[in-house]
Amino acid sequence: MRNQFIGTVTSANAAGALTFEWHSDVSVTGQGWTASIGCSTNPPVANFSASTTTPAPGADVVFTDLSSNGPTTWTWTITPASFTFVNGTNANSQNPVVQFNDLVAYTVSLNVSNPYGSDSETKVNYINVSPCSYCAAGGSTGDEEWISNVTFNTINNSSVAATGYTDYTSISTDVTPGSVYNLSVSCGSTGSWSENYWVFYDWNQDCDFDDANESFDLGTTTGPGTLNLNITVPGDAEPGATRMRVFIKFSSDPVDGCDDTFTYGEVEDYTVKVEGGDINLSLKVYLEGPFDVNTMSPEINSYLPLNQPYNAAPWNYFGTESIVSPAADDVDWILIELRDALSAGQANSGTRIARQAAFVKTNGEIIASDGNPVLTFTESLINNLFVVVHHRNHISVMSASPVTETAGVYTYDFSTAMGQAYGGASGHKEVVPGIWAMFAADGNADGMVNSLDESPVWENEAGEEGFLNSDYNLDGQSNNIDKDDYWSPNTGKGTQVPN
């Protein structure tokens with residue numbers, strides 16, 4: 001036996017001692033033996049990879065533990081929970097096999113431990129389930145000419161001679177519609193043969209490479225070489241993860257992006273994540289304070305400031321929204337916040353991607369400061385959209401489910417049901433049967449209705465008129481109605497919006 005590695009051995013006794021016994025069959029006389037034995041007292045360092053990061057729903061994904069320093073236990077955590085361990089594996093397997101069921105992005109975490117400590121590795125939005133099952137492509141021989149490097153935006157992958165096809169979909173990069181990125185492809189070769197370079201992108205995510213602007217000819221080299229081409233991401237490219245397929249083929253062009261009939265050359269697949277375009281948002285929400293029967297009263301209209309009022313703590317929003325004068329049906333300024341997360345429970349403040357001050361109308365509709373009934377945000381969306389509504393003296397609410405897009409507009413109405421706000425009945429209030437509104441009386445905007453909203457907030461302004469934080473029913477006056485009819489019934493209520 002020579003150059004044999006027996007792997008990690010862990011002592012079972014309290015002293016941590018190991019005893020090795022060497023046995024001979026006595027039938028052969030040799031020159032003896034040597035051994036190199038190493039012992040580690042280091043905690044593990046977690047790391048892992050997946051066989052693919054863009055699987056089709058229900059396809060097997062094999063996770064490979066790449067942790068160092070000899071871990072002895074493994075715990076895998078995957079969110080959201082719409083997945084299944086298969087092939088006899090589970091959350092504590094070293095190399096589990098997983099099937100993902102939904103067309104969403106999954107975050108994967110691995111915690112490893114040994115007797116000396118533990119470590120975790122988390123890869124956010126690591127698995128992007130694709131509805132596509134792409135056609136096969138590749139040569140039957142890849143050891144004479146092959147793809148030695150692909151560089152595209154943040155992708156920079158070098159490789160050696162292969163078997164004609166290599167799946168690198170676990171390697172990805174984010175691109176923006178309308179932007180230009182340089183693609184560089186290098187050929188490795190054992191001779192001086194003519195090599196044709198092509199790349200294909202499934203920009204519209206229809207699971208093929210047949211559409212306009214999805215195939216690109218980089219040119220030809222003789223033997224080893226490198227070719228470059230600027231690639232413009234179409235402005236209408238479908239947001240999300242899609243396929244980039246790179247060809248090097250001996251002597252001729254690929255028939256199409258599904259060419260698997262040639263002999264010499266290689267195909268490599270990568271993942272390109274197209275960022276979303278503008279977010280156009282249509283919202284409806286009611287405030288409890290000014291609500292009356294089925295509408296809201298604009299009684300503080302004449303007191304409304306011309307510049308958005310959320311440029312102080314706790315909001316610290318310094319947008320420049322302003323008006324010349326309020327419209328007759330403007331109830332008050334509000335602050336809209338967008339969060340990009342996999343689920344409502346994960347939509348904390350760290351997932352915030354945009355904010356905008358706007359107005360809420362008497363019918364609950366939210367309009368931009370320029371009067372547009374659709375709010376436009378230029379930020380890109382990667383996961384799911386959750387919307388938070390803030391008001392200066394009402395408790396903030398967040399959409400309980402992802403806001404969905406129809407005909408280019410994301411639409412959400414908080415008022416129609418208890419379950420429209422995250423937290424249900426704890427998140428907002430039924431003001432009349434079937435209509436829900438934001439809780440009034442959070443005068444200091446700390447997310448809770450409590451004694452501080454009576455003293456000092458209400459006590460300091462009682463008897464005054466104007467644009468007041470203690471004017472809980474928004475009638476332009478701070479008086480006993482605000483305290484008795486709004487603060488007192490709502491005491492103890494708090495926001496359900498994740499921090």
Side-chain angles (χ1 to χ4, degrees), residues 176-178 235-236 239 275-287 289-291 294-311 315-340 347 351-382 384-394 396-399 401-416 420-421 428 435-438 467 474 497:
T176 303
D236 60 352
E275 296 179 345
D278 289 350
I279 298 173
N280 298 306
L281 184 63
S282 175
L283 290 177
K284 183 175 181 180
V285 69
Y286 283 117
L287 305 173
F291 187 84
N294 61 2
T295 188
M296 289 185 291
S297 173
E299 291 187 65
I300 61 168
N301 189 272
S302 61
Y303 296 115
L304 292 176
L306 302 183
N307 298 306
Q308 65 88 8
Y310 294 99
N311 55 0
W315 308 285
N316 297 315
Y317 171 69
F318 301 103
T320 58
E321 292 88 345
S322 63
I323 57 173
V324 176
S325 62
D329 59 348
D330 285 345
V331 175
D332 202 357
W333 286 94
I334 58 169
L335 182 63
I336 303 300
E337 177 179 323
L338 305 187
R339 298 185 178 187
D340 182 359
T351 68
R352 185 178 74 196
I353 59 172
R355 290 189 292 177
Q356 185 177 152
F359 279 95
V360 60
K361 295 286 194 177
T362 54
N363 63 359
E365 292 182 359
I366 294 174
I367 66 163
S369 58
D370 63 3
N372 194 323
V374 176
L375 307 183
T376 297
F377 299 82
T378 58
E379 285 72 15
S380 298
L381 186 67
I382 296 175
N384 294 317
L385 177 64
F386 293 88
V387 176
V388 180
V389 180
H390 301 288
H391 182 262
R392 57 193 177 87
N393 65 14
H394 283 61
S396 301
V397 293
M398 187 182 79
S399 56
S401 57
V403 181
T404 57
E405 181 184 18
T406 302
V409 178
Y410 290 85
T411 303
Y412 202 83
D413 186 346
F414 284 89
S415 69
T416 58
Q420 288 296 94
H428 60 168
I435 297 180
W436 294 74
M438 296 167 63
F467 189 71
L474 304 188
V497 178

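All values below come from the heavy atoms of this structure, side chains included, with hydrogens, waters and symmetry mates left out.
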Side chain to side chain contact (heavy atoms under 4.5 Å, CB included), that's the test. Do Gln308 and Tyr317 meet it? Break it down for me.
CA-CA 9 Å; Gln308 65 88 8; Tyr317 171 69; 3.6 Å; yes
Donor-acceptor pair, side chain of Gln420 and main chain of Asp413, under 3.5 angstrom
yes
Using the ring of Tyr310 (Phe, Tyr or Trp, six-membered ring only), decide whether Arg355 places NZ or CZ under 6.0 Å from its centre and within 45 degrees of its axis.
no
Over all heavy atoms of both residues, which pair between Phe467 and Tyr303 is shortest? Give the atoms and the distance, please.
CB-O, 3.7 Å
Hey, what do you get for NE2 (His394) to CG (Leu474), rounding to the nearest 0.5 Å?
5.5 Å
Heavy-atom pair with the smallest gap, counting every atom of Ala368 and Ala358
CA-CB, 4.3 Å
So which atom in Met438 and which in Leu287 form the shortest heavy-atom distance, rounded to 0.1 Å?
SD-CD2, 3.7 Å
Distance check, rounded to the nearest 0.5 Å: Glu299 atom CD versus Thr362 atom OG1?
12.5 Å
How far does NZ of Lys361 sit from CG of Asp329, to the nearest 0.5 angstrom?
3.5 Å
List the steps and the verdict of side chain to side chain contact (heavy atoms under 4.5 Å, CB included) for Val403 and Leu283.
CA-CA 10 Å; Val403 181; Leu283 290 177; 5.6 Å; no
Run through Leu375, Thr378, Ile353 and flag the one making a side chain to side chain contact (heavy atoms under 4.5 Å, CB included) with Ile279.
Ile353
Please report the interatomic distance CD1(Ile336) to CG(Leu338), rounded to the nearest 0.5 Å.
8.0 Å
Is the backbone of Arg392 close enough, under 3.5 Å, to the side chain of Trp315 for a donor and an acceptor to pair up by distance?
no
Name the one of Val331, Asn301, Asp332, Ile300 that satisfies side chain to side chain contact (heavy atoms under 4.5 Å, CB included) with Pro326?
Asn301
Trace of the side chain to side chain contact (heavy atoms under 4.5 Å, CB included) decision for Val387 with Tyr410
CA-CA 10 Å; Val387 176; Tyr410 290 85; over 6 Å; no
Could you give me the CA-CA distance, side-chain angles and deciding distance for Leu385 and Tyr412, then say whether side chain to side chain contact (heavy atoms under 4.5 Å, CB included) is met?
CA-CA 11 Å; Leu385 177 64; Tyr412 202 83; over 6 Å; no
Who pairs with Asn384 by side-chain contact (heavy atoms from CB on, under 4.5 Å), at least two apart in sequence or on another chain?
Phe386, Pro402
When rounded to the nearest 0.5 angstrom, what is the spacing between OH in Tyr286 and CG in Asn363?
6.0 Å
Student check: side-chain heavy atoms of Thr411 and Ser282 closer than 4.5 Å
yes
Which heavy-atom pair separates Arg352 from Arg339 by the least distance, and what is that distance?
CA-CG, 4.0 Å
Using side-chain heavy atoms (C-beta onward) and a distance below 4.5 Å, is Leu304 in contact with Ile323?
no
Closest heavy-atom contact between Ser396 and His390?
OG-ND1, 2.7 Å
Residues Ser322 and Ser369: closest non-hydrogen pair is O-CB, 3.9 Å
From Ile366 CD1 over to Asn372 CG, what is the distance, rounded to the nearest 0.5 angstrom?
13.5 Å
